[in-house]
Amino acid sequence: MAVVASNLSSLKEDNAEKYKRYKELANSFEAKYGKVPKFICCAPGRVNLIGEHIDYCGYSVLPMAVSQDISMAVATTNDGSLNFSNLEGSFQDYNSSTKTFDIDSSKPEWFHYILCGFKGVYEFASLDIAAGIQVMVHGTVPKAAGMSSSSALVCAAGLATAFSNNCQISRHEMADICAKCERYIGTQGGGMDQSISFLAEKGTAKLISFNPLRAEDVILPDGAVFVITNSCVKMEKAATAHFNIRVAECKIATQILAKHKSIDRTDIKKFIDVQNALKASFSEMLSLVKEVFHTEPYTREEICRLLEITDDVLKTSLLSQNTQDVQSFKLYQRSKHVFGEAYRVHQFKDVCNNKSDSNKLSTLGNLMTESHMSCSELYECSCPQLDTLTQLCRDAGALGSRLTGAGWGGCAVSLVPEKSVPNFLNQVQAGYYNKMSGINTENVMFASQPGGGAQVYTM
Ligand code: NG1
Ligand code: MG
């Protein structure tokens, strides 16, 4: 299914607010570049309901798109120039050309994400000459908050490039290209964010599975409201090594498990490959983790000894550029999180699809809270503020609450029974936000319904 453009005027009735916003964006484009944009493209952010830090291990995740998006007014240039501007004043203009641009992963800046999307589509479509593009960006996805503003920017830029060059690329292919090309920025993400941004459909969350990429509807139960609360702790994932250290720990643990089980390791890259090779259940994988790993962190020497490799091979085959010097790896804790979390995703989906369960909401809530505890204690991707906030949310009437996205800051998502929402919002406001000073707490709490995927609108 390719992305099909529709006329912007079709939005007028469907979503007057978005229509107005896109119109204003088109006007700002015109004021900046002195011409009317050719089209507007937009890609939504997402909230992951459950399944954290397991996409890059090959496991299914369960996100939904939110209504907030990154949108872009776009026109092509015929001299190969790339001109990027952002309505948000703190982001400075970027000017370069299709021949000379550079993505500097040591110092990620907002426009690098556009360059990632541009480069991904350019390479995928094997374009000899890609048209240059002029873009004006406006984003409503909270930044550095685990709601995938970065991927939405990459996806919107990928779409802008595809449409500027008349490339027909399916939504699945776009998701795949954008998952790969966002890695030019240096983080080794798994593909959840770009997949939901392209494959989302209004009214349903999705079970996203990989290799091959699939998106299955997961109908959320009546009476459940998912409320997002921002901890207001910013986490610029690409600027730190936390994320890639976790990816490295998972890769190393994968190899040790496979070696322990004498599996031919040629095609074993992720935890799921080991599980498939063993045809084991999640409980069996959890027992294996307990049998194979000790709880103390592993040193590089021990890892090399277990895998019978040199430190150089460890560096080149299992560590990324920004994790070359990491000395200690928690293999037991990270593996235990991944297999437990992957199992919870399937339980969550089964509960949603099981019509007869009268306790649905509290079962889902419990799974979400278990997920948070595992992220916090085993994966160590929470932070004190997120731990406090999620506990406050539970105390305020949420049946479950967890961090969402990569963590170390950013947002929490809570499952709140519909009738308890007003009281919930009051309590969290009083218990968390009213205690903050010097922080802008506008739009920090909102209920979210599953939104649709990326779109293109012609003018
Ligand atoms: P965030 O940082 O929330 O955009 C990242 C990864 C995902 C996934 C989650 C953790 C990227 C682009 N995204 O999301 O693939 O691994 O962390 O579940 O790297
Ligand atoms: Mg991101």
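Residues: numbered from 1 along the sequence shown. Heavy-atom basis, side chains included; hydrogens, waters and symmetry copies ignored. Note that ligands are numbered from 1 as they come in the structure, with each ligand's atoms numbered from 1 the same way.
Proximity of the aromatic rings of Phe243 and His53 is defined here by a centroid distance below 6.0 angstrom, and this criterion is met.
With a 6.0 Å cutoff to the six-membered ring centre and a 45° limit on the axis angle, Lys119 counts as a cation-pi contact of Tyr184.
A salt bridge links Arg21 with Asp69: the closest approach of a Lys/Arg side-chain nitrogen to an acidic carboxylate oxygen falls below 4.0 angstrom. A salt bridge does not link Glu370 to Arg402: none of the charged nitrogens lies less than 4.0 Å from a carboxylate oxygen.
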Evaluate Tyr332 against Tyr298 for ring pair (Phe, Tyr, Trp, His ring centres under 6.0 Å), listing each step before the verdict. CA-CA 9 Å; Tyr332 170 79; Tyr298 286 68; 9.6 Å; no
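The parts of Glu52 lying near ligand 1 are both backbone and side chain, judged by heavy-atom distances below 4.0 Å. Residue contacts with ligand 1 for Arg46 involve side-chain atoms from C-beta outward but no N, CA, C or O (heavy atoms, distance under 4.0 Å). When heavy-atom distances to ligand 1 are checked against a 4.0 Å cut-off, Ser151 comes that close only through its side chain, counted from C-beta outward.
Between the side chains of Tyr343 and His346, no donor-acceptor pair of N or O atoms lies under 3.5 Å. When only modelled atom types and interatomic distance are considered, Glu302 and His294 share a side-chain donor-acceptor pair under 3.5 Å. In this model, no donor atom of one side chain and acceptor atom of the other lie less than 3.5 Å apart for Tyr22 and Asn15. No hydrogens or angles considered: nothing links the side chains of Ser374 and Ser371 as a donor-acceptor pair under 3.5 Å.
Residue Gln194 places a heavy atom less than 4.0 Å from ligand 1.
A side-chain contact (heavy atoms from CB on, under 4.5 Å) with Cys178 is found for exactly one of Asp193, Leu153, Val154, namely Val154.
Listed by number with element, the atoms of ligand 1 under 4.0 Å from a non-hydrogen atom of Gly189 are 11 (C), 15 (O), 19 (O). Shown in contact with Gly190 at under 4.0 Å from a heavy atom are these atoms of ligand 1, numbered in order with element: 15 (O). Close approach to Asp55 involves these atoms of ligand 1, each under 4.0 Å from a residue heavy atom: 7 (C), 8 (C), 15 (O), 16 (O). Ligand-side atoms of ligand 1 in range of Gly191: 15 (O), range being under 4.0 angstrom from any heavy atom. Those atoms of ligand 1 that come under 4.0 Å of a heavy atom in Glu182, given as number and element, are 12 (C). In summary, the atoms of ligand 1 found under 4.0 Å from a heavy atom of Tyr56, numbered by their order in the structure, are 16 (O). The ligand atoms of ligand 1 that sit less than 4.0 angstrom from a heavy atom of Gly146 are 3 (O).
In terms of polar-atom proximity, Phe243 is not counted as a contact of ligand 1, lacking any N or O under 3.5 Å from an N or O of the ligand. Checked by distance only, ligand 1 and Asp193 come closer than 3.5 Å through their nitrogen or oxygen atoms. Taking distance alone, with nitrogen or oxygen atoms compared against 3.5 Å, Asn48 stays at or beyond that limit from ligand 1.
When Met147, Glu341, Met192 are ranked by how near their heavy atoms come to atom 9 (C) of ligand 1, first place goes to Met192.
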